[in-house]
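Contents: one structure, followed by commentary.
Keep in mind it's a predicted model, so treat the numbers as computed, not measured.
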Amino acid sequence: MPSNCEIFCEILIAVLLPPLGVCLRHGCCTVEFCICLLLTLLGYVPGIIYALYSIVFVDRDAYFDEYRRPLYYG
């Protein structure tokens, strides 16, 4: 489980650049990243909302396998 500091940094990055925050949390070629990128292109605020939801509520360990590896795994 990530520490509070990691979550805070991911949330801060997600507010500034939503797809980057999701990419750091879930990986670059995941469904979460594609949805966040699409929502950010359509509107900045929906991208932020989805990125925050994705970082805080979606459990990455439930979807972690060898084929969908995030950029870092702490």
Side-chain angles (χ1 to χ4, degrees):
M1 179 159 193
S3 68
N4 290 337
C5 182
E6 289 176 359
I7 293 174
F8 176 75
C9 290
E10 288 174 350
I11 288 173
L12 185 64
I13 291 171
V15 169
L16 298 174
L17 294 169
L20 180 61
V22 174
C23 178
L24 292 175
R25 179 73 170 180
H26 295 285
C28 291
C29 294
T30 59
V31 174
E32 290 87 5
F33 175 75
C34 293
I35 291 172
C36 186
L37 183 64
L38 180 67
L39 286 173
T40 303
L41 291 175
L42 293 174
Y44 187 67
V45 174
I48 291 174
I49 292 171
Y50 182 76
L52 293 177
Y53 166 76
S54 174
I55 289 172
V56 174
F57 293 113
V58 176
D59 184 21
R60 72 176 172 183
D61 293 333
Y63 301 106
F64 182 73
D65 58 7
E66 190 63 31
Y67 300 106
R68 295 192 301 167
R69 193 183 329 221
L71 291 178
Y72 70 93
Y73 187 71

To the nearest 0.5 Å, what is the distance between SG on C23 and CG on L17? 11.0 Å
All heavy atoms of L52 vs all of A14, minimum pair found to be CD2-CB, 4.4 Å
Which residues, ordered by chain and number, are linked to I49 in its hydrophobic cluster, where ILVMFWY side chains connect at heavy-atom gaps below 4.5 Å, directly or through other members? V45
Same cluster or not: are V31 and F33 linked, directly or through other Ile, Leu, Val, Met, Phe, Trp or Tyr residues, by side-chain heavy atoms under 4.5 angstrom apart? no
If we check side-chain hydrogen bond (donor to acceptor under 3.5 Å, both in side chains) with S54, which of these qualifies: R25, H26, E10? H26
So which atom in I55 and which in I11 form the shortest heavy-atom distance, rounded to 0.1 Å? CG2-CG1, 4.2 Å
Heavy-atom neighbours of Y44 OH exceed 12 at 6.0 Å: yes
Verify same cluster id: L16, L20 (apolar side-chain graph, 4.5 Å): no
With a cut-off of 3.5 Å and sequence neighbours excluded, list every side-chain donor-acceptor pair involving residues 34-41.
| from | atom 1 | to | atom 2 | distance (Å) |
| --- | --- | --- | --- | --- |
| T40 | OG1 | C36 | O | 2.7 |

Residues that F8 engages under side chain to side chain contact (heavy atoms under 4.5 Å, CB included), provided they are two or more places apart: none
Tell me whether Y50 is reachable from V56 by hopping between hydrophobic residues (I, L, V, M, F, W, Y) whose side-chain heavy atoms are closer than 4.5 Å. yes
ILVMFWY cluster membership beyond L12 - transitive side-chain contacts under 4.5 angstrom: none
